[in-house]
Undergrad: 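Sending over a structure as structure tokens; questions will come in a sec.
To find a chain, count down the sequence lines: A is the first, B the second, and so on, and within it residues start at 1.
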Amino acid sequence: MKNFKRYTVTAALPYANGPKHIGHLAGAYIPSDVYVRYLRSAGKDVLFVCGSDEHGTAIPNQALKENTTSQAIIDKYHKLIYDCFKKLGIAFDIYHRTSEQIHHETSQEIFLTLYNKGLLTEEVSEQYYDDEANVFLADRYIVGTCPKCGNPNAYGDQCEKCGSTLSPRELINPKSTLTGKAPVLRETKHWYLPLQNYEGWLQEWILKEHADDWKANVYGQCKSWIDAGLQARAMTRDLDWGIKVPLPDAEGKVLYVWFDAPIGYVSATRAFFQEITSGKIKYAQPQREFKNAKADDWKTYWQDPETKLVHFIGKDNIVFHCIIFPIILKAHGEFILPDNVPANEFMNLEGDKMSTSRGWSIEMHEYIEDFPDKPDVLRYCLLANLPESKDSEFTWKDFQSRNNNELVAILGNFINRALVLTQKYFDNKVPARGTLQPVDEEVIRALKEHPRTIAASIEQYRFREATAGLMDLARLGNKYLAETEPWKVYKTDPARVGTILNIALQIAANLAIVGEVFLPFSAKKINAMLNLETKGWSDAGSDALLNPTHPLGAAALLFEKIEDDVIAKQLQKLHDKKKSMEPVTVDVAPLKPEVTFDDFSKLDIRVGKVLAAEKMEKSNKLLKLTIDTGVDKRTVLSGIAQHFSPEEMIGKQVTLIANLAPRKMMGIESQGMVLMAEDADGKLKLLQPSEAVFPGSVVS
RNA sequence: UGCACAUUGGCGUAGUUGGUAGCGCACAGGGCUCAUAACUCUGGGGUCGCAGGUUCGAAUCCUGCAUGUGCAACCA
């Protein structure tokens, strides 16, 4: 494997149209953060960039939905998302924004370079235009009747009923989903990147060079794209929100969001060096010292072949990061290419796909609100369940058991045991070590081995395995104490106990070093308890991190148990949220055949008043109502017993059909029918005049 | 519909070139009591989605089928 001088690590730019959930964390942000923390701890030259993706059609759409401006949307969600990352310990060197000037310039420069090299093609085509909303319509925003199966709700790109792929022009009776109007065809010009010209190169670069080191899901996805044959893809759009196409004849055109978004990594890097060299810090938060940095240093991180570029993303982004963006970089000519793109699969939640819009999700800010002092618990739980090779599952029960059985019982407990014993027997000072016994030598050997295997896992992007390694190290400590039983030995041989606790404390100090990568907040606490400065990975595995007589800090609990009711509450909250998000109009019954006015006027619909109500015996559905219809008082049976009690019906005004032929039910004749509206959830609601009217009032 | 990835004990999963299937949780029993009834040891439990094939030998390679997810659409 090639040895690199430095690393540029990116995490997918979150799209700033809404909050992000823990599935996003598991996909890209937690693994990238662990990777970077490890590299930093190992003293590597690494830069970790991310930022908000703030262009594309979905932003103005979200603005419409929230009744505000696009700018307000991106401001709101940029802040929300970044705050969450910070509180969860995701340690970017810079978290930038694609709406910044420097990003617009960088994207335009790269676009112009491709243009000037003659690598973009220009094409005029006819596209549907909504002349009420004054926008060109993306295929998705057009619905109409499917020419193949007659489904009236087929999208401009595909009919979901018969599965056939369509183009908007094929739809019968196309309509804009924005205004409901029929769209018109209009000519528009766009600039395309002919991806097919790079097929040969991609075959060489991905299919040959990365056959072994890219993950199966990533490699397979790329192979399927390349084998299917690539096509020219438009790199511009008709939209007024985004980066202006830097050409004279491109009024009203912006760069395609997938053209500019990955360039965001580059502009963030540029902004980073600009900010730290000028001292005008706006977004940069350097997580280590950047000595003698120059504004131009961004180039080293993006153009020097000795830099290793790694993109962390979710599986939905594979094609953009492995095919399209690399083609842009390659076409430009001066950039390095990603060495790896360790894309994760998706994380499900309690047996179902996570979805913010369906309300089936745990948003980052929701977690932080409910568990403000537990960022590491979430980090650990996600790390232990990362969807590295297939979709995985987050459940609150698992969250609880990971916390109680692993963080509390194994890691927290070991640290606590080592410290409490030292307090008790050695006045809270690190005891000196005597002659080592085989059991000591064995544990020291194992201690040295752990950081090595953990590092190897991380370098292969196997973060789940690496996390298990951390917990194994804590297990090693517990096992050592159980085997040596210092609390027993102390009665006969206090010096021997000194040796044991010295070694146990060295293990604790190692847990702080290794833990910093996975659980930074807890690692900090361990260091405070040990009264130790943060140490780097080069010290990991050492059995001499604490010197004899070194005074320890105060012992405190590292993690606390999570009780059942906390978990039950979260589950309830999740289900409630889903319910509140359910669309109002579900399964609306189709229209019945037309009737004439004469048909309608045959019905005698009038308002009556319930005088008496009682349950029908042996029926769980029927209520027997006595209704004042104005002309008479009559008995009506109504199948509403599961929705209304007899008591609450008495005195109510109801709408009834008074001339419906009488019908016998359960031995009693019903002389009319009370009208009800059935809600989406099957619940019945009374149909009443908005204000009380005289019984017998006719409805027409 | 096409392509890609996945399918392993009750649950969550590992299995890197084919060689008697590992781990965590849960479960049962033992040890210990320094520790947040935590720790530690031992044990039971899997014909590796289904059906074929290649091989001395297949969870692993090939074919077909089923199920799930993603992509394919100007959805970020």
Side-chain angles (χ1 to χ4, degrees), chain A residues 12-17 53-59 61 127 136-142 155-159 162-168 190 212 215-225 227-228 233-239 256-258 260-262 314-320 343 345-346 348 353 384-385 387-395 397-398 401-402 404-410 412-425 460 462 464-465 468 471-472 474-475 477-483 485-488 490 497 501 504 555 557-561:
Chain A
L13 303 186
Y15 196 56
N17 71 333
D53 175 10
E54 308 183 310
H55 297 132
T57 52
I59 299 278
N61 287 348
Q127 282 190 16
F136 278 97
L137 295 165
D139 291 3
R140 218 190 158 205
Y141 294 109
I142 303 166
Y155 288 102
D157 45 28
Q158 186 188 38
C159 172
C162 66
S164 50
T165 302
L166 305 170
S167 85
H190 284 292
D212 299 324
K215 290 170 67 168
N217 55 343
V218 178
Y219 183 85
Q221 187 70 234
C222 293
K223 186 166 166 13
S224 105
W225 266 72
D227 289 352
R233 210 170 163 115
M235 291 293 126
T236 55
R237 293 287 184 277
D238 291 293
L239 196 68
Y256 175 37
V257 66
W258 270 115
D260 93 72
K315 67 173 158 182
D316 52 336
N317 276 198
I318 290 174
V319 63
F320 296 101
E345 302 286 301
F346 284 170
N348 294 327
K353 282 197 277 190
N385 291 306
E388 286 177 336
S389 58
K390 60 180 172 184
D391 288 356
S392 70
E393 175 103 0
F394 179 97
T395 65
K397 194 166 170 274
D398 178 73
S401 84
R402 295 268 178 207
N404 293 356
N405 300 334
E406 297 178 26
L407 290 175
V408 173
I410 298 173
N413 187 34
F414 168 67
I415 300 287
N416 192 237
R417 294 172 86 184
L419 272 130
V420 168
L421 286 167
T422 310
Q423 243 166 41
K424 194 166 173 181
Y425 298 135
Q460 292 170 79
R462 300 161 77 122
R464 198 201 311 234
E465 186 179 87
M471 203 46 72
D472 282 343
R475 282 200 180 92
N478 278 320
K479 191 176 162 179
Y480 178 64
L481 290 181
E483 277 171 359
E485 300 182 306
W487 48 89
K488 256 190 192 169
Y490 191 75
V497 174
L501 289 184
L557 293 183
L558 207 49
F559 301 99
E560 59 183 14
K561 280 204 146 199

Undergrad: Can you find a side chain N or O atom of A:Lys397 that sits less than 4.0 Å from OP1 or OP2 on B:C25?
TA: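 Indeed not, no polar side-chain atom of A:Lys397 lies that close.
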Undergrad: Is there a donor-acceptor pair closer than 3.5 Å between any side-chain N or O of A:Gln127 and the backbone N or O of A:Phe136?
TA: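 Side chain of A:Gln127 to backbone of A:Phe136: no pair is present.
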Undergrad: Is the backbone of A:Ala343 close enough, under 3.5 Å, to the side chain of A:Asn217 for a donor and an acceptor to pair up by distance?
TA: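 It does hold such a pair.
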Undergrad: I'd like to compare against my own output: the B/S/- annotation of nucleotides 32-39 of chain B with a strict under-4.0 Å heavy-atom distance to protein.
TA: SSBBB-SS
Undergrad: P atom, B:A26 versus B:G12: distance in rounded Å?
TA: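 Their P atoms lie roughly 15 Å apart.
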Undergrad: Residues in ring-ring contact (aromatic ring centres under 6.0 Å, His included) with A:Phe346, at least two apart?
TA: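 Residues passing ring-ring contact (aromatic ring centres under 6.0 Å, His included) with A:Phe346: none at all.
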Undergrad: Quick one: label A:Ser392 by what it contacts on the DNA or RNA (base, sugar-phosphate, nothing), any heavy atom closer than 4.0 Å.
TA: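 Sugar-phosphate: the residue A:Ser392, judged by heavy atoms under 4.0 Å, touches backbone atoms but no base.
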Undergrad: Under 4.0 Å, heavy atoms only, any strand: does A:Ala234 hit a base, just the sugar-phosphate, or nothing?
TA: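 Touches nothing.
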Undergrad: At under 4.0 Å, does any side-chain N or O of A:Arg464 touch on OP1 or OP2 of B:A14?
TA: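 So the side chain of A:Arg464 is within the cut-off, an N or O lying under 4.0 Å from OP1 or OP2 of B:A14.
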Undergrad: Can you give the dot-bracket line for RNA chain B, using ( ) for pairs inside the strand, [ ] for pairs that cross earlier ones, | for pairs with another strand and . for unpaired bases, where Watson-Crick and G-U count if both distances are under 3.5 Å?
TA: (((((((..((((.....[..)))).(((((.......))))).....(((((..]....))))))))))))....
Undergrad: Residues two or more places apart in sequence or in another chain: which of them pass ring-ring contact (aromatic ring centres under 6.0 Å, His included) with A:Tyr219?
TA: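 A:Tyr219 satisfies ring-ring contact (aromatic ring centres under 6.0 Å, His included) with no residue once adjacent residues are dropped.
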Undergrad: Please name the residue in the list A:Asn317, A:Asp260, A:Asp53 that meets the side-chain contact (heavy atoms from CB on, under 4.5 Å) test with A:Leu13.
TA: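 In the set A:Asn317, A:Asp260, A:Asp53, the residue that makes a side-chain contact (heavy atoms from CB on, under 4.5 Å) with A:Leu13 is A:Asp53.
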Undergrad: Write out a two-atom table: protein N or O, nucleotide N or O from nucleotides 4-7 of chain B, distance below 3.5 Å.
TA:
residue	atom	partner	partner atom	Å
B:A4	O2'	A:Gln221	N	3.3

Undergrad: Over all strands shown, is A:Asn385 touching base, sugar-phosphate only, or nothing at heavy-atom distances under 4.0 angstrom?
TA: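 Touches sugar-phosphate only.
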Undergrad: Among all residues two or more places apart in sequence or in another chain, which pass the side-chain hydrogen bond (donor to acceptor under 3.5 Å, both in side chains) test with A:Arg417?
TA: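 With sequence neighbours excluded, A:Arg417 shows a side-chain hydrogen bond (donor to acceptor under 3.5 Å, both in side chains) to A:Asn478, given in chain and number order.
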Undergrad: Does a distance-only test, which skips hydrogens and angles, find a donor-acceptor pair under 3.5 Å between the side chain of A:Glu393 and the base of B:C11?
TA: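 No.
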Undergrad: Output yes when A:Lys315 and A:Glu345 qualify as a salt bridge under the 4.0 Å nitrogen-oxygen rule, no when they do not.
TA: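 Answer for the salt bridge query: yes.
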Undergrad: Give A:Glu465 one of three labels, base, sugar-phosphate or nothing, depending on what nucleic acid heavy atoms sit under 4.0 Å from its own.
TA: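 No contact.
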Undergrad: Given B:G24, B:G70, B:C75, which nucleotide is nearest the side-chain atoms of A:Phe346?
TA: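 The nucleotide sitting nearest to the side chain is B:G70.
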Undergrad: Does some side-chain heavy atom of A:Arg237 sit less than 4.5 Å from a side-chain heavy atom of A:Thr57?
TA: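 Not in contact.
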Undergrad: Check whether any side-chain N or O of A:His55 sits under 3.5 Å from a backbone N or O of A:Val257 as a donor-acceptor pair, and report yes or no.
TA: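 No: the side chain of A:His55 does not pair with the backbone of A:Val257.
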Undergrad: Between OH of A:Tyr490 and NZ of A:Lys424, what distance do you get to the nearest 0.5 Å?
TA: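 Between A:Tyr490 OH and A:Lys424 NZ, I get 10.0 Å after rounding to 0.5 Å.
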